[in-house]
Novice: 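First, the structure itself, so that you have it in front of you.
Here is how names work: the chains are called A, B, and so on, in the same order as the sequence lines, proteins then strands, and each is numbered from 1.
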Amino acid sequence: MQRYDFADIEARWQDHWQRNRTFRTPGPGAPGFDPRKPKFYVLDMFPYPSAAGLHVGHPKGYVATDVLARFQRMRGCNVLHPMGWDAFGLPAEQYALQTGTHPAVATARNVAAFKRQLQALGFSYDWEREINTMDPGYYRWTQWIFERLYEKGLAYQAEVPVWWCPALGTVLANEEVIDGKSERGGHPCVRRPLRQWMLRITSYAQRLLDDLETLDWPESVKAMQREWIGRSEGAEIRFPVAGSADSFVVFTTRPDTLFGATFCVLAPEHPLVARITTPQQRADVERYRAEAEQKGELERTSLARAKTGVFTGAYALNPAYPQGDPRGRIPIYVADYVLLSYGTGAIMAVPGGDERDLEFARAHGLAVIPVVAGETYVNSGFLDGLSLEDGRKRMVDWLEERGLGRCKVTYRLRDWLFSRQRYWGEPFPILHGPDGQIRLVPDEDLPVTLPELADFQPSPDGQPPLARASGWVQVTDASGRVWQRETNSMPQWAGSCWYYLRFCDPHNARAPWDPAAEKYWMPVDFYVGGAEHAVLHLLYARFWHKVLHDAGYVSTSEPFRKLVNQGMVQAFAYRDARGALVAAEAVREAPDGTLVANGQPVERFVAKMSKSLRNVVNPDDVIREYGADTMRLYEAFMGPVTASAPWNPRDLPGVHRFLQRAWRLYETFAEPPDPEVERALHRTIAKVTGDIPGLDLNTAVAAMMEWVNTATRKGGGITRSQAERFALILAPFAPHLAEEMWQRLGHPESLAYENWPAYDPSQLQEDTVEVAVQVNGRLRGRVLVPAAAARAAVESAARAAVADKLEGATIRKVVVIPDKLVNFVVG
RNA sequence: GGGGGAGUAGCCCAACCGGCAGAGGCAGGGGACUUAAAAUCCCCCCAGUGCGGGUUCGAAUCCCGCCUCCCCUACCA
């Protein structure tokens with residue numbers, strides 16, 4: 001028998017699968033499609049093909065979904081298991097700016113590298129369904145969906161303040177600006193209003209919130225989405241401005257504390273500020289507004305900052321107090337801790353009840369009226385003495401009767417800023433007319449292809465790069481009028497909002513997908529990806545999906561039924577006594593067990609893999625040394641899929657040895673079966689079958705190891721039937737080796753669609769079981785009894801086993817747990 | 001401050017609805033095979049479950065109060 005030559009085995013089977021199109025998945029209507037089979041759609045979050053290539057962390061989730069996909073195929077499902085590329089995005093554009101390589105070229109190269117690495121791991125993707133968001137045949141339909149959003153009134157233009165960096169000549173995202181300076185280069189940035197496209201995700205806030213209940217998702221992700229949506233119930237209350245016809249509306253979650261409102265605060269950008277500011281205060285207010293404009297929301301709302309603000313000189317009238325009551329005349333301030341974009345951009349400040357307001361009041365010497373004492377109200381007129389619950393209701397009723405306010409629900413969720421001033425993204429299918437009118441590009445003229453541009457540097461005046469594609473921008477219609485194309489591009493999220501739908505029917509040139517294919521495959525049954533997408537991607541995709549559902553284009557109201565976040569694969573990193581990072585490959589273990597590098601002791605810690613820590617592990621190296629099957633198995637065996645764990649090179653030989661031992665069992669076969677080995681195999685099949693659906697892959701692998709150990713130890717050789725069944729359950733984890741085993745057993749075809757082996761429940765139980773015997777909960781002995789023996793028989797056997805301990809004692813109670821234990825309670 | 005999760009052998013990790021703390025792997029020790037080594041095989045060693053209470057015949061598991069670590073979020077009125 002030849003040794004376990006993984007390099008040879010893996011190359012041959014990967015070639016076999018490709019040549020035989022083993023994992024091609026026909027959809028409804030296609031030849032070879034069997035509509036009687038149940039479907040299973042198992043999806044990975046598709047990657048952004050970065051220049052760095054894969055590291056061993058990426059495949060952790062891919063291994064899990066591949067095990068599941070291969071398992072479900074063998075269980076008789078039509079399995080949709082596709083892969084594609086989230087190819088538009090900033091890094092490729094920045095790389096292009098630095099190197100002069102066109103993003104399309106660089107991205108295509110990265111895709112090829114990613115694909116080679118994924119194929120080297122033997123994943124059973126249907127590569128014939130591969131999609132790429134930068135492909136015009138794909139983004140044509142991204143544009144098409146945008147048009148449906150526009151038609152529904154869910155896409156609109158607005159002037160929105162964004163970060164602008166004059167030195168870089170570009171608009172930056174919030175996270176690219178730190179302390180008012182660009183992350184790259186540290187250039188000063190300013191807030192500047194620019195025309196932007198927005199998507200009205202807020203009109204779906206309540207449904208996005210409610211439908212979370214229907215999803216089998218991690219509680220943490222649901223919690224994050226709930227918080228992001230941020231529903232809060234309260235009231236809007238109108239405050240007149242003293243001595244003027246003006247008034248403004250505040251939002252508060254505590255209308256019942258109205259009697260304690262001793263001042264009001266408007267956001268600096270609030271439109272009323274200019275009108276009500278008195279001449280004496282105007283200079284201060286203007287200066288404050290100018291400063292606030294330069295700060296991003298992140299900075300303005302950072303906790304560490306002291307509460308700043310200035311008085312407008314104007315007063316508001318607290319509607320809780322009768323006209324003329326001096327307590328009702330309260331100053332109006334401008335302060336940047338109030339945000340225009342939340343609620344109404346104005347608050348009533350109740351320093352007696354709210355910490356932020358109290359801090360502000362103290363800093364500015366403002367009055368504080370306590371209104372809540374223990375479980376009831378004080379200083380609150382008609383609310384005094386009421387319970388807090390009744391008080392809220394009373395106050396809202398009181399306000400509504402007088403037309404001063406009303407119940408109101410607000411959300412923290414904001415509309416989605418959907419445009420970027422970038423080159424490398426989907427163009428909008430929008431035309432601007434000579435008189436400012438807006439028109440959609442007709443469906444039949446889609447896609448609006450991205451023009452070739454040699455220079456994608458943003459212009460100094462804030463114009464997006466596309467504005468310079470002059471031949472592209474101008475469009476003349478039949479009547480000779482000249483239209484201008486929209487020159488913003490879509491953000492990177494756009495393509496990933498619907499890619500899971502395109503996978504259902506990826507080559508359709510007449511529609512984004514065939515309704516029959518969508519109806520058959522959707523929803524995604526199992527979605528695996530990193531927790532970093534817990535909010536944005538998953539919320540945006542849910543939003544688009546609901547819009548498409550409302551418009552009748554998709555059959556389900558939610559796209560992803562079950563979601564799992566795979567844990568991070570970390571790595572060891574090292575630093576020396578001075579704290580300097582040391583490359584992982586330079587570290588050796590000294591005989592006394594300490595770690596040294598270049599003669600110096602180093603300290604080991606666990607961290608994210610990153611270039612700067614010099615601890616990135618490349619799957620190519622692992623595959624070269626141990627093979628893809630070992631790598632897959634190790635990733636499955638590291639621990640729960642959801643848990644993060646460091647990549648530990650020392651553990652790889654263990655799983656590799658397991659595959660070698662398993663392979664060695666296939667040398668010769670023997671009859672009849674050893675009953676113990678046979679029973680153990682049934683237990684193993686039961687364990688693996690039960691573990692895979694919940695992705696408890698580590699325990700499934702452990703069970704297979706246990707069986708191989710048992711079979712090896714018995715030494716009598718396994719039977720051909722046992723060899724077949726074991727190869728089949730090993731197949732989802734180590735598919736190359738399993739195929740090789742299967743072929744060695746005389747099967748010419750791939751085992752990918754063989755039936756998953758069954759187990760006999762009657763074989764799971766041993767004939768004899770050992771039962772623990774306790775006295776007062778303490779272990780005092782053990783007895784062997786027939787499995788499922790009668791209670792009385794077990795009890796008397798147990799009683800005999802601990803007779804000496806029971807002598808002279810009164811037995812008050814006997815607890816018998818069948819096949820487990822007997823406990824004598826003596827008094 | 002708020003939310004989510006985790007603490008079990010030297011290390012990674014199991015233990016279902018409360019029922020003998022251990023499946024598996026690594027590391028360590030001993031032995032077999034070998035001229036020797038590698039590889040392989042067999043055997044062994046090791047914790048009472050972060051801390052303190054409670055419920056129970058019985059708690060890693062349930063309840064209460066703490067500690068530590070990780071992740072997310074944070075002036076949202």
Side-chain angles (χ1 to χ4, degrees), chain A residues 3 218-224 226-228 230 232 234 250-254 257 265 297-298 300-305 307 335-339 341-350 353-357 359-360 410-414 531-532 534-535 565 567-568 570 589 593 606 633-634 637-640 642-646 648-655 657-658 660-661 664 683 687 690 696 698-709 712-713 715 770-782 812-827:
Chain A
R3 66 191 181 87
E219 204 41 57
S220 59
V221 176
K222 291 203 218 179
M224 277 189 257
R226 269 184 216 113
E227 283 166 24
W228 191 263
S232 85
V250 305
F251 173 71
T252 175
T253 54
R254 294 298 304 273
T257 62
V265 183
E297 247 181 45
L298 284 177
R300 276 172 56 173
T301 58
S302 90
L303 193 61
R305 280 187 69 241
K307 297 269 174 302
D336 66 7
Y337 78 92
V338 173
L339 308 174
S341 48
Y342 184 77
T344 60
I347 63 161
M348 63 180 213
V350 184
D354 184 285
E355 235 176 275
R356 296 156 303 180
D357 297 343
E359 200 190 316
F360 191 89
T410 57
Y411 300 89
R412 232 179 67 149
L413 183 70
R414 313 290 163 80
E532 66 274 18
V535 177
N565 293 129
M568 214 191 307
Q570 300 144 317
E589 194 177 338
V606 169
L633 211 59
Y634 174 64
F637 187 59
M638 282 177 85
T642 51
S644 293
N648 190 349
R650 285 229 268 203
D651 287 338
L652 278 158
V655 282
R657 269 201 287 272
F658 158 66
Q660 283 178 323
R661 304 171 113 207
R664 212 170 297 122
R683 273 202 307 272
K687 179 75 178 148
D696 294 324
N698 51 335
T699 50
V701 173
M704 290 188 287
M705 287 174 164
E706 196 179 352
W707 185 76
V708 168
N709 290 347
T712 303
R713 185 161 21 81
E770 195 180 54
V771 167
V773 185
Q774 297 179 335
V775 177
N776 282 347
R778 296 200 172 181
L779 186 65
R780 292 300 184 209
R782 301 165 196 278
R812 312 178 85 91
K813 188 173 171 183
V814 182
V815 181
V816 180
I817 307 297
D819 296 347
K820 295 270 187 184
L821 67 66
V822 178
N823 186 14
F824 295 99
V825 184
V826 301

Novice: On a whole-Å scale, what distance lies between the P atoms belonging to A23(B) and C43(B)?
Specialist: 14 Å
Novice: Measuring from the side chain of Gln660(A) (C-beta onward, heavy atoms only), which nucleotide among C43(B), U40(B), C57(B) has the closest atom?
Specialist: U40(B)
Novice: For G18(B) versus G58(B), give the span between their C1' atoms, rounded off to a whole number of Å.
Specialist: 8 Å
Novice: Grab the CG-C1' distance between Asp651(A) and G10(B) for me, whole Å please.
Specialist: 13 Å
Novice: So which nucleotide from C76(B), G24(B), C75(B) ends up closest to the side chain of Tyr337(A)?
Specialist: C75(B)
Novice: Whole angstroms only, please: what is the NZ-C1' distance between Lys820(A) and A21(B)?
Specialist: 13 Å
Novice: So what does Glu532(A) hit on the nucleic acid, given a heavy-atom distance under 4.0 Å: a base, only sugar-phosphate, or nothing?
Specialist: nothing
Novice: From C-beta outward on Arg713(A), which listed nucleotide comes closest to its side chain: A77(B), C43(B), C57(B)?
Specialist: C43(B)
Novice: Output the single nucleotide from G24(B), A14(B), C76(B) whose closest atom is nearest the side chain of Met705(A).
Specialist: G24(B)
Novice: Rounded to the nearest angstrom, tell me the gap between atom CZ in Phe637(A) and atom C1' in C12(B).
Specialist: 9 Å
Novice: Taking the side chain of Ile347(A) as heavy atoms from C-beta outward, which of A77(B), C43(B), C41(B) is closest to it?
Specialist: A77(B)
Novice: If you measure from the P atom in A21(B) to the same atom in C46(B), how many Å do you get, rounded?
Specialist: 16 Å
Novice: Determine whether any donor atom in the side chain of Arg356(A) lies under 3.5 Å from an acceptor atom in the base of C76(B), or the reverse, and answer yes or no.
Specialist: no
Novice: Rounded to whole Å, please give me the gap between CE in Met638(A) and P in C12(B).
Specialist: 12 Å
Novice: Given that Asn776(A) and Ala223(A) both sit by RNA chain B, which one's nearest nucleotide is further toward the 5' end?
Specialist: Ala223(A)
Novice: Please round to the nearest 0.5 Å and tell me the distance separating atom OG1 of Thr712(A) and atom CZ of Arg664(A).
Specialist: 7.5 Å
Novice: Would you say Asn776(A)'s side chain and Val826(A)'s backbone share a donor-acceptor pair under 3.5 angstrom?
Specialist: yes
Novice: Determine the contact category for Arg226(A): base if any of its heavy atoms lies under 4.0 Å from a base atom, sugar-phosphate if only primed atoms, P, OP1 or OP2 are that close, otherwise nothing.
Specialist: nothing
Novice: Taking atom P of A27(B) as reference, at what distance in whole Å does atom CZ of Arg650(A) sit?
Specialist: 7 Å
Novice: Please classify the nucleic acid contact of Pro653(A) as base, sugar-phosphate, or nothing, using heavy-atom distances under 4.0 Å.
Specialist: nothing
Novice: Below the 4.0 Å mark, does A77(B) have OP1 or OP2 next to a side-chain nitrogen or oxygen of Ser232(A)?
Specialist: yes
Novice: Kindly compute the distance separating CG (Leu821(A)) from CG (Leu779(A)), expressed to the nearest 0.5 Å.
Specialist: 9.0 Å
Novice: Nearest whole Å is fine: how far is C70(B) P from Met224(A) CE?
Specialist: 17 Å
Novice: Using the purine O4'-C1'-N9-C4 or pyrimidine O4'-C1'-N1-C2 torsion, is C17(B) syn (within 90° of 0) or anti?
Specialist: syn
Novice: Under 4.0 Å: is that the gap between some side-chain N or O of Asn698(A) and OP1 or OP2 of A14(B)?
Specialist: yes
Novice: Does any donor atom in the side chain of Tyr634(A) or Asn648(A) lie under 3.5 Å from an acceptor atom in the other side chain?
Specialist: no
Novice: When the nearest nucleotide of RNA chain B is assigned to Arg412(A) and to Glu219(A) on a heavy-atom basis, which residue is associated with the more 5' position?
Specialist: Glu219(A)
Novice: With rounding to whole Å, what would you report as the distance between U8(B) and C13(B) at their P atoms?
Specialist: 8 Å
Novice: Counting only heavy atoms not in Arg226(A), do more than 12 sit closer than 6.0 Å to its CZ atom?
Specialist: yes
Novice: Using only modelled atom types and a 3.5 angstrom limit, is any donor from either the side chain of Asn823(A) or the base of C57(B) paired with an acceptor on the other?
Specialist: yes
Novice: Name the orientation class of the two ring planes belonging to Phe251(A) and Tyr342(A) (parallel below 30°, tilted from 30 to 60°, perpendicular beyond 60°).
Specialist: perpendicular
Novice: Just the rounded figure in Å: distance from C1' of C11(B) to OH of Tyr634(A).
Specialist: 11 Å
Novice: Indicate, with a heavy-atom threshold strictly under 4.0 Å, whether Gln774(A) touches base, sugar-phosphate, or nothing.
Specialist: base
Novice: Watson-Crick or G-U wobble partner for C16(B), using a 3.5 Å limit on both distances?
Specialist: none
Novice: Base, sugar-phosphate alone, or nothing: which one does Arg812(A) contact when heavy atoms must sit under 4.0 Å apart?
Specialist: nothing
Novice: Of the nucleotides A77(B), C42(B), A14(B), which has the atom closest to the Tyr342(A) side chain?
Specialist: A77(B)
Novice: Counting only side-chain N and O atoms of Arg657(A), is one of them less than 4.0 Å from OP1 or OP2 of C26(B)?
Specialist: yes
Novice: For the C1' atoms, the ones on A27(B) and on G10(B), what distance do you get once it is rounded to whole angstrom?
Specialist: 8 Å
Novice: For G48(B), does the O4'-C1'-N9-C4 (purine) or O4'-C1'-N1-C2 (pyrimidine) torsion place it in syn, i.e. within 90° of 0, or in anti?
Specialist: syn
Novice: Using a 3.5 Å distance criterion without hydrogens, assess whether the side chain of Asp354(A) forms a donor-acceptor pair with backbone atoms of Asp357(A).
Specialist: yes
Novice: In whole Å, I'd like the distance from the CD atom of Glu227(A) to the C1' atom of C76(B).
Specialist: 12 Å
Novice: By nearest atom, which of the nucleotides G4(B), G24(B), C76(B) is closest to the Leu339(A) side chain?
Specialist: C76(B)
Novice: Quote, to the nearest angstrom, the P distance that separates C63(B) from G5(B).
Specialist: 13 Å
Novice: Sort out the partner of C51(B) for me: Watson-Crick or G-U wobble, both distances under 3.5 Å, none otherwise.
Specialist: G65(B)
Novice: Spell out, as yes or no, whether a donor-acceptor pair under 3.5 Å connects the side chain of Asn698(A) to the backbone of Met638(A).
Specialist: no
Novice: Look at all strands and tell whether Met704(A) reaches a base, only sugar-phosphate, or nothing, counting heavy atoms closer than 4.0 Å.
Specialist: nothing
Novice: C69(B) and C51(B): how far apart are their C1' atoms, nearest whole angstrom?
Specialist: 15 Å
